[in-house]
Enquirer: 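Right, I'll just put the structure down here and ask away after.
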2 protein chains.
Amino acid sequence: MNGERVTIVDVATRAGVAISSVSSALNGRPGVSEATRERIVQVAAELGFVPSLRGKSLSGRRAFTLGLVLHRDPDVLELDPFFGGFIGGIEDAIDPRGYALVLQISAEPDEVLQRYEKLAADRRVDGVFVNDLEVDDPRIPVITRLGLPAVAVNPGADFPLPAVRQDPDDGIRALLQHLVGLGHRRIAYVGGRPNMTHSVQRERAWRAGLEELGLEPGPVVPGDFTYLAGASAASTLLGLAEPPTAVVCANDLSAIGLIAQAQHLGVDVPGTLSVAGFDDIRLGTYVRPPLTTVHTSPRELGRHAGRLLVDLIEEGVAEDVRIPAAELIVRESTGPAPAAG
Amino acid sequence: MNGERVTIVDVATRAGVAISSVSSALNGRPGVSEATRERIVQVAAELGFVPSLRGKSLSGRRAFTLGLVLHRDPDVLELDPFFGGFIGGIEDAIDPRGYALVLQISAEPDEVLQRYEKLAADRRVDGVFVNDLEVDDPRIPVITRLGLPAVAVNPGADFPLPAVRQDPDDGIRALLQHLVGLGHRRIAYVGGRPNMTHSVQRERAWRAGLEELGLEPGPVVPGDFTYLAGASAASTLLGLAEPPTAVVCANDLSAIGLIAQAQHLGVDVPGTLSVAGFDDIRLGTYVRPPLTTVHTSPRELGRHAGRLLVDLIEEGVAEDVRIPAAELIVRESTGPAPAAG
DNA sequence: CTGAAAGCGCTTACAG
DNA sequence: CTGAAAGCGCTTACAG
């Protein structure tokens, strides 16, 4: 097992054929009789032959590697709900097809662009995933110029790259129906980081959903997806002359911060204020009251993104994917609107 | 910029030298006059030449890639405090040296072992990181058998692989001194996943620290590092005939769960019960009361682990590293022991 | 100091 | 169907 590596030459010699036959046989290409193929497969197994990725890469002009550059502060990654599931999903899809994932993290926007440049220049990866999209995302022109195959996750409509999407609309619509069914009429919104596609989509869904229900939009407080932004929004909203009776937050973490601060101010959730999040992170099941939220599917998104990117690399085409809509999860942070009104 | 890639042959032709000279010049190897080197460097820059990793890998017998296989449930990764910082630190160290990180995640122990086998068989990576070590970790014999260079993170003493370590002892000792200084005499412990090195080390440090202070160990409740285990431990400890006045938890997440459940049971923290965690996750700064904990340095561990692994691969040796001890962070979840006693 | 050549381990036309 | 050869883009002895 140790020492010298078994190469295609060893297999060819032992099987008494040319290396080209070994290559064809093991890759399921035509040009080898069934009898020969079987013998080669047998010998390869006996010898424990595994083709070297290095040889394959150089001759096949592919790295069999995909890249994901996260634009985050590595030290804050700990609370990101999307991350683990998304990467797990990518692997589910790409590992069986012989690809692996190179992960890079950077908090600096310029450094992120440099990483893409370097991945392309090195030819370290055959393609990349692009997530956490911003409006007019600076990565897109760079990736396009580099000619890097790429798949986007949850971009806006009419995006120039193949994409996988899970729309927030149905989930937020269901959430609003739930709240209105509980008697709420004044429903606020706490935003996410303003220039991110996610933020834009979710706020638009909130606005459209209210309109469908014949309600005016309630107050909107800007945010940034953090616990602290949620806590701060609680103070803002509860200090209003006419506070809302319900709040929809751009994500769970800010909803949890909002609840904590509301409780700290002596406001009962959901007795006085109903609060809902978005993402369905695990922490939301722990806090009190457990968080009503909209469930998303990072792993499923990862699976489709992985499949699309490999398709794009190997076949040159990839059809956009839209996965089943985000789904309402009712827990205990939402309840009947207070009687007063 | 598009189209045909610039290769070493293009540079050699344009500079009027042999490709071997280009290689030597660009890699800072001897055998090229300074004048020639300068000309080659100049031409390479003009042409935008970046050596192909594929060519380098095949001829250089290195993949310039390192592997990290996380043994976690991808869907639960979101709350892991160690992860982002550790990966960020690895990159800080390996990127300047031309290496990148392949990340894989699996919840199944057997699958984890298969991943290592495959990474080695493929020759996809030149070495691997091993973290989340267990007592008698099954990965170690596999990695040894495969002859894969590897660096361990926080293993026990006398470990067979080069390692980086940050000991919990000083931090936990300082925490216990802090608690005893506040008048606590009955100090409980909530454990982590029992077979993990982290759990063993932290519990041992708790026990040793109490002994140094001349105190009997308080009650020990087994746990598993989760929020729920912490919450459950709260009920157990508070139901005791003689409940502790302070609790040290194996990690922050279980401390936060413990506090939430204690509060739910009407117990004041820290008035009646002081609670401390371990890790210093960001969430600990948000909760009320903010969590007293022991700060660890995942990014610093990552940096050293990255450096060690590249050293090991390129020079065949790597000296163990011990980074400055974990450090006590006093916030508001610990306070004076209740007067009664 | 400089260059021609072999070799890393594969894949892929191209002859037989 | 089968095999000899070229080539992917580098590095590394080895001659000059």
Side-chain angles (χ1 to χ4, degrees), chain A residues 3-41 43-44 47-65 98-99 120-126 313-314, chain B residues 3-41 43-44 47-65 98 120-124 126 313-314:
Chain A
E4 295 317 304
R5 181 182 175 70
V6 178
T7 74
I8 195 172
V9 174
D10 301 319
V11 177
T13 306
R14 178 79 159 261
V17 298
I19 62 168
S20 51
S21 300
V22 175
S23 177
S24 295
L26 263 29
N27 289 305
R29 261 182 279 111
V32 188
S33 70
E34 197 46 42
T36 307
R37 181 187 308 275
E38 274 173 24
R39 185 155 42 90
I40 289 172
V41 167
V43 168
L47 263 38
F49 171 64
V50 180
S52 158
L53 215 50
R54 294 170 203 172
K56 284 177 66 172
S57 291
L58 187 56
S59 66
R61 290 133 185 289
R62 261 185 292 157
F64 297 99
T65 307
Y99 288 74
D122 275 338
R123 306 238 134 171
R124 187 181 269 287
V125 301
D126 303 314
I313 289 161
E314 300 198 335
Chain B
E4 295 316 305
R5 181 182 176 70
V6 178
T7 74
I8 195 171
V9 174
D10 301 320
V11 177
T13 306
R14 177 78 158 263
V17 298
I19 61 167
S20 52
S21 301
V22 175
S23 176
S24 295
L26 262 30
N27 288 304
R29 260 181 279 111
V32 188
S33 70
E34 198 45 43
T36 307
R37 181 188 308 274
E38 273 175 25
R39 184 155 42 90
I40 289 172
V41 167
V43 168
L47 263 39
F49 171 64
V50 180
S52 159
L53 214 51
R54 294 169 202 172
K56 283 177 66 171
S57 291
L58 187 55
S59 67
R61 289 133 185 291
R62 262 185 291 156
F64 297 99
T65 307
D122 276 337
R123 305 236 135 171
R124 186 180 271 285
D126 303 313
I313 289 161
E314 300 198 334

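Every chain is numbered from 1 and lettered A, B, ... according to where its sequence line falls, protein lines coming before strand lines.
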Enquirer: Per the atom types in the model, does the base of C/dC8 pair as donor or acceptor with the side chain of B/Ser59 at under 3.5 Å?
Expert: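 When only heavy-atom distances are counted, B/Ser59 does not reach the base of C/dC8 through any donor-acceptor pair under 3.5 Å.
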Enquirer: By the 4.0 Å heavy-atom rule, please label B/Leu53 as base, sugar-phosphate, or nothing.
Expert: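 Nothing, no heavy atom under 4.0 Å.
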Enquirer: State the pairing partner of D/dA13; accept Watson-Crick or G-U wobble contacts with both distances under 3.5 Å, and report none otherwise.
Expert: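 Partner of D/dA13: none.
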Enquirer: Do you know which of B/Val9, B/Val11, B/Asp10 makes side chain to side chain contact (heavy atoms under 4.5 Å, CB included) with B/Thr13?
Expert: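 The side chain to side chain contact (heavy atoms under 4.5 Å, CB included) with B/Thr13 is passed solely by B/Val9 among B/Val9, B/Val11, B/Asp10.
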Enquirer: When we call it a touch if two heavy atoms are under 4.0 Å apart, what does A/Arg61 touch: a base, just sugar-phosphate, or nothing?
Expert: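 Since only primed, P, OP1 and OP2 atoms lie under 4.0 Å of A/Arg61, the category is sugar-phosphate.
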Enquirer: Between D/dG3, D/dC10, C/dG9, which nucleotide has the shortest distance from any of its atoms to the side chain of B/Phe49?
Expert: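 Looking only at heavy atoms from C-beta outward on B/Phe49, the closest nucleotide is D/dC10.
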Enquirer: Please walk me through it: do B/Lys56 and B/Arg62 pass side-chain contact (heavy atoms from CB on, under 4.5 Å)?
Expert: CA-CA 8 Å; B/Lys56 283 177 66 171; B/Arg62 262 185 291 156; over 6 Å; no
Enquirer: Find the distance B/Ile19:CD1 to C/dG3:P and express it as a whole number of Å.
Expert: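 In whole Å, C/dG3 P lies 12 Å from B/Ile19 CD1.
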Enquirer: With the threshold set at under 4.0 Å for non-hydrogen atoms, list the residues of residues 20-36 of chain B touching DNA chain D in residue-number order.
Expert: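 The answer is B/Ser20, B/Ser23, B/Asn27, B/Arg29.
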Enquirer: Between C/dC10, C/dG7, D/dA4, spot the one nearest the side chain of A/Ile8, thanks.
Expert: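 Ranking C/dC10, C/dG7, D/dA4 by closest atom to the A/Ile8 side chain puts C/dC10 first.
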Enquirer: Assuming nearest nucleotide by heavy-atom distance, tell me which of A/Ala18 and B/Pro51 is located more 5' along DNA chain D.
Expert: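 The residue closer to the strand's 5' end, by nearest nucleotide, is A/Ala18.
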Enquirer: Take the protein atom CZ of B/Arg54 and the nucleotide atom C1' of C/dT11, then report the distance between them rounded to whole Å.
Expert: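 Nearest whole value for this atom pair: 13 Å.
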Enquirer: Would you mind classifying the nucleic acid contact of A/Val9 as base, sugar-phosphate or nothing, using non-hydrogen atoms under 4.0 angstrom?
Expert: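 Answer is nothing: A/Val9 stays at 4.0 Å or more from every strand.
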Enquirer: Rounding to a whole Å, what distance do you find between A/Arg62:CZ and C/dT11:P?
Expert: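 So the CZ-P distance, A/Arg62 to C/dT11, works out to 10 Å.
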Enquirer: Between P on D/dT2 and CD on A/Glu38, what's the gap in Å once rounded to a whole number?
Expert: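 Interatomic distance, CD of A/Glu38 to P of D/dT2: 12 Å.
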Enquirer: Tell me yes or no: between the side chains of B/Ser57 and B/Arg123, is some donor less than 3.5 Å from an acceptor?
Expert: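 Distance-only check fails for B/Ser57 and B/Arg123.
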Enquirer: Could you state the CZ-C1' distance from B/Arg124 to C/dG9, rounded to the nearest angstrom?
Expert: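 Result: 16 Å.
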Enquirer: Could you give the CG-to-P distance, from B/Leu58 to D/dT11, as a whole number of Å?
Expert: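 Going from CG in B/Leu58 over to P in D/dT11 covers 11 Å.
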Enquirer: Going by distance alone, is a donor N or O of one side chain under 3.5 Å from an acceptor N or O of the other, for B/Ser23 and B/Arg29?
Expert: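 Distance-only check passes for B/Ser23 and B/Arg29.
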Enquirer: With heavy-atom distances below 4.5 Å as the criterion, would you say the side chains of B/Phe49 and B/Leu26 are in contact?
Expert: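 B/Phe49 vs B/Leu26: side chains touch.
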Enquirer: Atom CZ of A/Phe64 to atom C1' of C/dG9: distance rounded to whole Å?
Expert: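 Between C1' of C/dG9 and CZ of A/Phe64: 13 Å.
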Enquirer: Should A/Asp126 and A/Glu314 count as side-chain neighbours, where that means a heavy-atom distance under 4.5 Å?
Expert: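 Of all side-chain heavy-atom pairs linking A/Glu314 with A/Asp126, none is under 4.5 Å.
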Enquirer: Can you tell me how far P of C/dC8 sits from CZ of A/Arg5, to the nearest Å?
Expert: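 Result: 13 Å.
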Enquirer: Just by distance, do the side chain of A/Arg39 and the backbone of A/Ala15 share a donor-acceptor pair under 3.5 Å?
Expert: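 Flag set: sc A/Arg39 to bb A/Ala15 pair under 3.5 Å.
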